[in-house]
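First comes the structure, then the notes that go with it.
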Amino acid sequence: MKIIKKITFYLGPLLLFFSVHADSTRMDVQLELAYPDVSTERPIQITSVPDDSGRIFLVLQEGKILVLPRNIQSSSFETLIDLTPLNLIDNAFEEGLLGFVLHPDFSNNGLVYLYHTLQDPKRSVLVEKRIENLRKLEMDDSHHREILSIPQPYWNHNSGVPCFGPDGFLYLSTGDGGKANDPHDHSQNTFSLLGKILRIDVDKRSGDLEYGIPPDNPFFEKPGYRHEIWALGLRNPWRIHWDHSRELLFCADVGQHLWEEVNLIEKGGNYGWNLREGSHPFPPSLELNKTIDYIQPVFEYGHDQGTSISGGCVYYGKRLPELNGKYIFGDWGTGKCWALELSKDKEVSTQEITFSDKTEILNPSPVFKNGKPRSPFKPVNFCLGPEGHVFLLDWQGIIYRTI
Ligand SMILES: [Ca+2]
Ligand SMILES: [Ca+2]
């Protein structure tokens, strides 16, 4: 240990040139501000434009998708999609444009999918649109297909950020519909699309549906079940992420008052809400029912460390070798962030991540005042960008990028 400390002491000034320092329990990662001169209020997601331009799509919760250039100092941008004339939002905290994903064959068909809320009646919809000029990124205004519409009883717990799996099917995480305690028991109701992860085929049609049901879905043609369901018992799964190279589906599920969780989603799995919060009984006064086969989170933390998990992504790249193969996520309430590693035999270990912009630490240790977290940094998403960078989206309107 002494020798390592000495080496670190002597190498300290040198190590500052690297963007990541790490040991087995924590790491420091350097960030820089991205697009400080562009108005990026309530950013939700970033996706790379799949060409060599280095451009990104930036999804804003108010209902816009911007195209931003490779140069993160630039103040120029284009507006690709503007849904703000639609009646998306009654409560701006969780409603709005909640996700955007490109079709796996986007470079040939230009198809994109948006998940957003609508009012009167309150609902969430999955919509297909098309980009006709893939270089200039111009919309084909004649193409609009509403694939799925889910009635929403309340403004909260709509979840979002759909993604395509390695099988080419679209996965969509839906919240339990809202309020507290899942008052209508949507998450355990196998005839409700709420509180689920759904799996659909956007290229086919089943019966009157605007999508196909893959025949290997776990409840395909099973009476009493919606056949779209891939997994159930989720509360507000913000957000899911497919690790395509290991074929693992990660899901961060926001807890109620006690536990935040990271799950690995299995076909047909029941993740326990509203009979469990994390690995604990719900309501907490109940004894844990061990007779039902709920799937435990692979990682959970209590509300002494954070209050609302924001799922992220698994990083692969040479730019940040200490993060390679690790799932990066954080807490919206306290700003605490982690890298989760899964060994070959699925053993889980985590490291805390301290993010810094030059010398300023973005996420110091969690601070609670009168029981409420106080954080200058409110991570809402962690997204892979072009050229091996990770983008961190601060819901307060600030975007950071790893160096
Ligand atoms: Ca809702
Ligand atoms: Ca759970």
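Keep in mind that this is a model prediction, so the values were computed, not measured. Whatever order the structure lists them in is the order used to number ligands and atoms, beginning at 1.
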- S159 (side chain) donor-acceptor with P237 (main chain) under 3.5 angstrom: yes

- Message: Tell me whether the Ca ion (ligand 2) has D253 as a neighbour, meaning an N, O or S atom of it below 3.0 Å.
- Response: no

- Does Q152 put an N, O or S atom under 3.0 Å from the Ca ion (ligand 1)? yes

- Looking at E261, pick out the N, O or S atom nearest to the Ca ion (ligand 2) and give its name. OE1

- Donor-acceptor under 3.5 Å (W273 side chain, G255 main chain): no

- Message: Quick check on the Ca ion (ligand 2): does Y271 put an N/O/S atom closer than 3.0 Å to it?
- Response: yes

- Please note down the angle at the Ca ion (ligand 1) between O of G177 and O of Y154, to the nearest 10°. 80°

- Message: Test your reading of the model: is there a side-chain donor-acceptor pair from D140 to the backbone of S142, 3.5 Å cut-off?
- Response: yes

- Message: Given 3.5 Å as the limit, does a donor-acceptor pair link the side chain of K196 with the main chain of L194, or not?
- Response: yes

- Task: Describe, in one word, how the ring planes of W332 and W395 are oriented to each other, choosing from parallel (under 30°), tilted (30 to 60°) and perpendicular (over 60°).
- Result: perpendicular

